[in-house]
Amino acid sequence: MKQVYALVDCNNFYASCEKLFRPDLRQTPVVVLSNNDGCVVARSREAKALGIKMGVPAHHIQDEIRRYGIQVFSSNYILYGDMSRRVMVTLESLAPRVDVYSIDEAFLDVKGIDALVPFEDFGRQVKDTVYQNIGLPVCVGIAPTRTLAKLANYAAKKYPATGGVVDLTDPARQRRLMARVPVEEVWGVGRKLTAKLQAMSVTTALHLADAEPATLRKRFSVVLERTARELNGIPCLPWEDAPPPKKQIMCSRSFGHPIQALPDLEEAVSHYATRATKKLRGGQQYAGELIVFIRTNPFRATAPQYSKSASLRLVSPTQDSRVIVGQALNLLRSMYQSGYEYAKAGVMLSELVGETGHQTDLFEGPVGTDITDDRAVRLMAVMDDINRKSSTSICMAREAGPAAYAMRREHLSPAYTTNWKQLPKVM
DNA sequence: TCTGGGGTCCTAGGACCC
DNA sequence: TCTGGGGTCCTAGGACCC
């Protein structure tokens, strides 16, 4: 039987999450800002209508915010993560297989469902059920490949007459839609590719679908060739039953304010290293390589610039916070130069391996640092367990104290769903 | 005052081997 | 007169996504 995907994508996800708990803002334009209240990362329908662009720095739209009374929110990832989980649980109750693709979208396996109910009706059931259970609006696109399902979802969002659901399983309908869709809207075609394609007079999705696959591979790469084949209804992207294990884990942040002193940087790097290592343990993985970077603010053209990264191969893969934090601090001290205003730092873990499939150290020292050190593994488990209740109960000594690097989040909404003290109240 | 964070995949080119 | 060819591995960089 032919594969059929339904792509379910939440509308203006972060903005919708904020509105959900603020019914008073139902008709108000809302924007959500990135970390540090930097740029716009989500806009409600009303904000889009006002011409607020995705990705603009917040300080560029201060006029519009005042003039139109736009409500501004800092990113509240705890809230969005929790709402996302609820949406995905509902989707899992509706389809036999669900591939969670990002925080606000998932591919459903709907192969054969049309034997019971037409695809479009099924799409409406999904949309209505998510709205009833969670209160968030979604659109649904149904098609034989992921790339076409993305396109169907785009149409569902763009054309209100569709009611937010588009069944694109019919090839004639696929071609009619593709003729109307600019090539840059195709999944996998970004800014650079758009410019190159337009120069070759490939301006619509249909032009791309009708291009010669061999030419695409030669002039671009196998990636674009696959995209074109997918537009023709030939699946080239395999179904992901289980998410593939991560290859790298990163934790980095811009600071709320510039930092000069080494101890303040040490605090930030310790914190990022701790967070990255916690993610590592969450995936039952061990890191074989550690990379730390620091940099000044490249947007401040007049200030002296410094950007440096340093890496270290761990003798034996580890998931011990004490080891990773210690080594991250060593790397930081090796690169640190005084006299600069640092704006950002980060810690990356790579060469990740699972419980098995790694080599132990021939010269393993007395202080066990690796997977074979049972005491370290148990200590970390206890620490994670305690921190599950309150994320800051136990931390590395280096992280203690008020954070000089703390993010700016001046418009943060309450933790409506994850903190008893912040539950929404109905008056 | 002031521009996010976290990922993946692919390719080209150099080093090295026989 | 005139510098092989084929293969693998690694890294850096580019492109994309949300």
Side-chain angles (χ1 to χ4, degrees), chain A residues 7-14 31-42 53-63 65 72-77 80-81 84 99-107 146-147 150 153-154 183-197 216-227 230 236-238 240 243-258 268 272 275-276 279-280 283 289 291 293 295-303 309 311 313 341 343-352 407-410:
Chain A
L7 174 62
V8 182
D9 192 318
C10 300
N11 304 352
N12 321 320
F13 181 57
Y14 299 166
V31 298
V32 178
L33 305 180
S34 61
N35 282 336
N36 271 314
D37 294 343
C39 347
V40 171
V41 290
K53 296 275 180 264
M54 184 71 172
V56 295
H59 60 93
H60 284 179
I61 55 164
Q62 289 309 310
D63 274 358
I65 287 170
V72 177
F73 289 93
S74 303
S75 292
N76 186 343
Y77 284 105
Y80 312 150
S84 170
D99 179 2
V100 176
Y101 177 71
S102 76
I103 193 165
D104 74 332
E105 64 191 301
F107 289 98
R146 287 171 189 254
T147 307
K150 274 274 189 186
N153 198 287
Y154 164 84
V183 73
E184 64 261 37
E185 299 297 343
V186 174
W187 193 37
V189 177
R191 254 208 352 259
K192 294 284 169 72
L193 284 179
T194 299
K196 282 175 83 173
L197 287 168
L216 290 175
R217 182 189 284 240
K218 208 159 68 194
R219 298 188 62 165
F220 298 92
S221 78
V222 66
V223 182
L224 194 64
E225 182 194 358
R226 281 202 282 253
T227 296
E230 285 241 325
C236 301
L237 307 170
E240 303 280 2
K246 281 196 195 318
K247 298 184 172 173
Q248 52 175 280
I249 289 173
M250 171 122 91
C251 181
S252 78
R253 290 275 183 296
S254 301
F255 309 136
H257 299 279
Y272 301 162
R275 287 192 51 149
K279 287 190 215 171
L280 188 68
E289 191 186 27
I291 301 154
F293 73 86
R295 68 163 171 75
T296 51
N297 184 349
F299 295 104
R300 285 183 59 189
T302 54
S309 80
S311 67
R313 223 158 249 273
E341 302 236 296
K344 185 174 182 176
V347 172
M348 190 154 94
L349 304 175
S350 61
E351 303 290 313
L352 306 187
M407 263 201 278
R408 266 194 316 276
R409 293 207 284 186
E410 288 169 11

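Hydrogens, waters and symmetry mates play no part in the numbers below; they use all other heavy atoms, side chains included.
- The residue A:Ile249 sits close only to the backbone: its heavy atoms come under 4.0 Å of sugar-phosphate atoms, none of a base.
- At least one side-chain nitrogen or oxygen of A:Lys247 sits closer than 4.0 Å to the OP1 or OP2 atom of B:dC9.
- As a whole-Å value, the separation of A:Asn12 CG from C:dC18 P is 14 Å.
- Closest approach to the A:Pro57 side chain among B:dG7, B:dT3, C:dC18 is made by B:dT3 (side chain taken as heavy atoms from C-beta onward).
- The side chain of A:Ser254 places an N or O atom within less than 4.0 Å of a non-bridging phosphate oxygen (OP1 or OP2) of B:dG5.
- Distance, A:Phe255 CZ to B:dT3 C1': 16 Å, rounded to whole Å.
- Candidate nucleotides B:dC9, B:dG7, B:dG4 were compared by shortest atom distance to the side chain of A:Met250, and B:dG7 ranks first.
- Each of A:Arg408 and A:Cys251 was assigned the nucleotide of DNA chain B with the nearest heavy atom; the assignment lying further toward the 5' end belongs to A:Arg408.
- To the nearest 0.5 Å, atoms NE2 (A:His59) and SG (A:Cys39) are separated by 8.0 Å.
- The phosphate of B:dG4 has neither OP1 nor OP2 within less than 4.0 Å of any side-chain N or O from A:Ser252.
- Rounded to whole Å, atom P of B:dG4 lies 19 Å from atom CD1 of A:Ile103.
- Here C:dC18 is the nucleotide among B:dC10, C:dC18, B:dG5 with the atom lying nearest to any side-chain atom of A:Ser102.
- Side-chain atoms of A:Phe299 lie closest to B:dG4 of the nucleotides C:dC18, B:dC9, B:dG4.
- The side chain of A:Arg300 sits closest to B:dC2 out of B:dC2, B:dT8, B:dG4.
- The separation between A:Asn36 atom CG and B:dG5 atom P is 6 Å, rounded to whole Å.
- Contacts of A:Glu105 with the nucleic acid, taken as non-hydrogen atoms under 4.0 Å apart, involve only primed sugar atoms and P, OP1 or OP2.
- Checking B:dG6, B:dG4, C:dC18 against every side-chain atom of A:Arg253, the shortest atom distance belongs to B:dG6.
- Taking atom CD on A:Gln62 and atom C1' on B:dT3, their separation rounds to 13 Å, with Å as the unit.
- Of all heavy-atom pairs spanning A:Glu230 and A:Leu237, the tightest one is OE2-N, 3.2 Å.
- Projected onto DNA chain B by closest heavy-atom contact, A:Ala58 and A:Ser221 fall at different nucleotides, the more 5' of which corresponds to A:Ala58.
- Among the heavy atoms of the strands lying under 4.0 Å from A:Asn297 are primed sugar atoms or P, OP1, OP2 only; no base atom is included.
- The side chain of A:Lys279 approaches B:dG6 more closely than any other nucleotide in the set C:dA15, B:dG6, B:dT3.
- With C:dC18, B:dC10, B:dG5 as the choices, the nucleotide that has an atom nearest any side-chain atom of A:Arg226 turns out to be B:dC10.
- Closest to the A:Lys192 side chain, of the nucleotides B:dT8, C:dA15, B:dG4, is C:dA15.
- Using a 30° and 60° split on the angle between ring planes, A:Tyr80 and A:Tyr14 fall in the parallel class, below 30°.
- Here B:dT3 presents its P atom at 17 Å from CE of A:Met54, a figure rounded to the nearest Å.
- In this structure, a donor-acceptor pair under 3.5 Å is present between the side chains of A:Asp37 and A:Ser74.
- Pairing partner, B:dC18: C:dG5, with both Watson-Crick or wobble hydrogen-bond distances short of 3.5 Å.
- The two atoms that bring A:Arg253 and A:Met407 nearest to each other are NE-CE, 3.9 Å, heavy atoms only.
- Distance, A:Leu224 CG to B:dT8 P: 22 Å, rounded to whole Å.
- Checking the phosphate oxygens (OP1, OP2) of B:dT8, no side-chain nitrogen or oxygen of A:Lys246 falls inside 4.0 Å.
- Residue A:Leu33 is out of contact with every strand shown, counting any heavy-atom pair closer than 4.0 Å.
- To the nearest angstrom, P of B:dT3 lies 13 Å from CD of A:Glu341.
- Residue A:Lys196 is out of contact with every strand shown, counting any heavy-atom pair closer than 4.0 Å.
- Here, B:dC17 and C:dG4 have their C1' atoms 14 Å apart, quoted to the whole Å.
- The residue A:Val222 sits close only to the backbone: its heavy atoms come under 4.0 Å of sugar-phosphate atoms, none of a base.
- Considering only the side chain of A:His59, B:dT3 comes nearest among B:dG4, C:dC18, B:dT3.
- A:Phe107 and A:Trp187 have tilted rings, their planes meeting at an angle from 30° to 60° on a 0 to 90° scale.
- When every heavy atom of A:Asp9 is checked against every heavy atom of A:Glu105, the shortest pair comes out as OD2-OE1, 3.5 Å.
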